[in-house]
Amino acid sequence: MIKLSYSNPILCRPADTVIVLDFETTGLSPTQGDRAIEIGAVMLKDGKVVDRFQQLMNPGFRISGFIESYTGISNAMLADAPSCEEVMAQFADFIGDYNLVAHNASFDQRFLDAELKRINCHYLGQFACSMLIARRLYQAAPNHKLGSLVSYKNIQHDGVFHRALADSEMTASLWLAMLEDLQQDYQLHSPDFGLLQSIAKQTKANINQYLQRQG
DNA sequence: TGCCAGGCCCTCTTTAGGGCCTT
């Protein structure tokens, strides 16, 4: 994969390509010893999935029964999986310096940063959070969990939840739905990564006024 | 059995508290 270096990571990075990713982990906090057990990601280019990445990884210790039940990933499945270090090195090559998207991105960013730090690797892409943007665009949704938003937007899925690739595919579909809604509802002809990032930072009260100004 | 984190947002706020969301 060609790696590009620019002085402005948001404006100069290829705006038509983003990586949508999702981690399954042993718990909620890498600072408390939790590790990644699966990474899934899709590459979106010009609104289409052009590449995928999915890999289980062995965290080096047994995962809890809660996580086995929650994700469907068992200790037996992880026993023969490659190490986190091996998988994350491959994943770092996959994401390159592209911009990144995740649902509740602060969670995935913490694990991405922690796992890449262990192998002395880093990335230059910027993160956008589909949950924060959905909170602005879909204020009538019952809540802003990924599964709820998938139902709210009538996004097709195969019924698999809490697996890394399945969740990243659904997040990618949600991302594209938000782009489409911005084009249709606010006549934004070319909503890009930077605009979606800025939408997340607007207040709930002024989001419509902000979008109309953008249009 | 129930809790463990962290960032963001909203409001009955700003010298704060609590809910949401992720595994």
Side-chain angles (χ1 to χ4, degrees), chain A residues 19-42 53-78 81 84 87-88 91 95 100-118 125-153 155 157 160-175 177-178 196-211:
Chain A
I19 304 285
V20 186
L21 63 92
D22 183 70
F23 276 104
E24 304 304 316
T25 71
T26 64
L28 295 173
S29 175
T31 61
Q32 299 295 311
D34 289 317
R35 299 294 303 273
I37 58 174
E38 187 182 41
I39 179 67
V42 298
F53 187 101
Q54 181 183 30
Q55 184 62 59
L56 290 169
M57 54 189 117
N58 190 328
F61 54 87
R62 291 183 61 81
I63 63 175
S64 69
F66 171 79
I67 293 297
E68 282 189 310
S69 175
Y70 187 81
T71 64
I73 299 170
S74 66
N75 281 290
M77 294 165 65
L78 296 176
C84 294
V87 172
M88 291 309 299
F91 188 62
I95 63 175
L100 307 170
V101 175
H103 200 69
N104 197 15
S106 65
F107 174 85
D108 293 280
Q109 184 171 13
R110 282 198 299 278
F111 277 93
L112 181 63
D113 290 346
E115 294 293 349
L116 290 183
K117 185 178 180 181
R118 287 174 176 268
Q126 300 290 304
F127 255 102
C129 177
S130 58
M131 182 189 75
L132 295 179
I133 298 165
R135 278 179 174 170
R136 296 290 173 265
L137 298 184
Y138 306 137
Q139 296 180 20
N143 60 60
H144 299 89
K145 297 177 183 178
L146 179 59
S148 300
L149 289 167
V150 165
S151 298
Y152 182 72
K153 294 302 298 176
I155 291 171
H157 59 87
V160 176
F161 290 91
H162 305 307
R163 288 299 300 269
L165 182 59
D167 282 5
S168 62
E169 298 258 18
M170 287 187 286
T171 302
S173 295
L174 175 63
W175 178 263
M178 292 192 295
L196 281 152
Q197 270 196 323
S198 66
I199 286 173
K201 297 175 183 174
Q202 302 305 309
T203 65
K204 181 179 178 180
N206 76 359
I207 188 63
N208 283 328
Q209 289 181 337
Y210 173 79
L211 289 171

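All of these numbers come straight from a predicted model, not from anything done at the bench.
- Regarding A:Ile133, its CD1 atom lies at a distance of 21 Å from the P atom of B:dC20, rounded to whole Å.
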Could you run down the sub-3.5 Å N/O contacts of the protein with nucleotides 6-8 of chain B?
from  : atom 1 : to      : atom 2 : distance (Å)
B:dG6 : OP1    : A:Thr31 : OG1    : 3.4

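- Take the nearest nucleotide of DNA chain B for A:Thr25 and for A:Ala205: the residue whose nucleotide is more 5' is A:Ala205.
- Among the heavy atoms of the strands, none lies under 4.0 Å from A:Phe111.
- Contact annotation: A:His103 side-chain N/O to B:dC21 OP1/OP2 distance is not under 4.0 Å.
- A:Asp22 comes within contact range of the sugar-phosphate backbone alone, with a heavy-atom separation under 4.0 Å but no base atom that close.
- The OH atom of A:Tyr152 sits 11.5 Å away from the CG atom of A:Asn143 when rounded to the nearest 0.5 Å.
- For A:Tyr210, there are no ring-ring contact (aromatic ring centres under 6.0 Å, His included) partners, not counting sequence neighbours.
- Here the C1' atom of nucleotide B:dT22 and the CG atom of A:Leu100 are 16 Å apart, to the nearest Å.
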(Q) Checking A:Met131 against A:Leu146 for the side chain to side chain contact (heavy atoms under 4.5 Å, CB included) test, could you report, in this order, the C-alpha distance in whole Å, the side-chain angles of both residues, the deciding distance, and whether it holds? (A) CA-CA 8 Å; A:Met131 182 189 75; A:Leu146 179 59; over 6 Å; no

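- Separating the CD atom of A:Glu38 from the C1' atom of B:dT22 is a distance of 15 Å, rounded to the nearest angstrom.
- Sorted by first then second residue, the salt bridge (charged side-chain N to carboxylate O under 4.0 Å, His left out) pairs that include residues 129-151 of chain A, not counting sequence neighbours, number zero.
- What separates CG of A:Leu112 from P of B:dT23 is a distance of 15 Å, to the nearest Å.
- With both ends at atom P, the span from B:dC20 to B:dC3 equals 15 Å, rounded to whole Å.
- Rounded to the nearest Å, the gap between the C1' atom of B:dG17 and that of B:dC12 is 11 Å.
- Applying the side-chain hydrogen bond (donor to acceptor under 3.5 Å, both in side chains) test to A:Gln139 and every residue at least two apart in sequence or in another chain returns nothing.
- Taking atom C1' on both B:dT1 and B:dG19, the two are 23 Å apart, rounded to the nearest angstrom.
- In this structure, A:Thr26 and A:Lys201 both approach DNA chain B, and ranking their closest nucleotides by distance from the 5' end singles out A:Lys201.
- Rounded to whole angstrom, the span from the OH atom of A:Tyr70 across to the P atom of B:dC21 amounts to 12 Å.
- Listed by residue number, A:Asn143, A:His144, A:Lys145, A:Leu146 are the residues of residues 137-150 of chain A with a heavy-atom contact under 4.0 Å to DNA chain B.
- Residue A:Ile207 contributes atom CD1, which lies 10 Å from atom P of B:dC10 at whole-angstrom precision.
- Atom pair A:Asp34:CG and B:dT23:P shows a separation of 13 Å (rounding to whole Å applied).
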Q.
Before you tell me yes or no, could you show the steps for A:Leu100 and A:Asp108 under side chain to side chain contact (heavy atoms under 4.5 Å, CB included), namely the whole-Å CA-CA distance, both residues' side-chain angles and the distance that decides it to 0.1 Å?
A. CA-CA 10 Å; A:Leu100 307 170; A:Asp108 293 280; over 6 Å; no

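- A:Ile67 places its CD1 atom 14 Å from the C1' atom of B:dC3, with the value rounded to the nearest Å.
- Using a distance-only test at 3.5 Å, with no hydrogens or angles considered, a donor-acceptor pair links the side chain of A:Thr171 to the main chain of A:Asp167.
- Rounded to a whole angstrom, the distance from the C1' atom of B:dT23 to that of B:dC4 is 12 Å.
- In this structure, the separation between CZ on A:Arg35 and CZ on A:Arg118 is 3.5 Å, given to the nearest 0.5 Å.
- In this structure, the separation between OG1 on A:Thr25 and CD1 on A:Ile39 is 10.5 Å, given to the nearest 0.5 Å.
- Residues forming a salt bridge (charged side-chain N to carboxylate O under 4.0 Å, His left out) with A:Glu24 (at least two apart in sequence, or on another chain): none.
- Taking the P atom of each, B:dG18 and B:dT14 are spaced 13 Å apart, rounded to whole Å.
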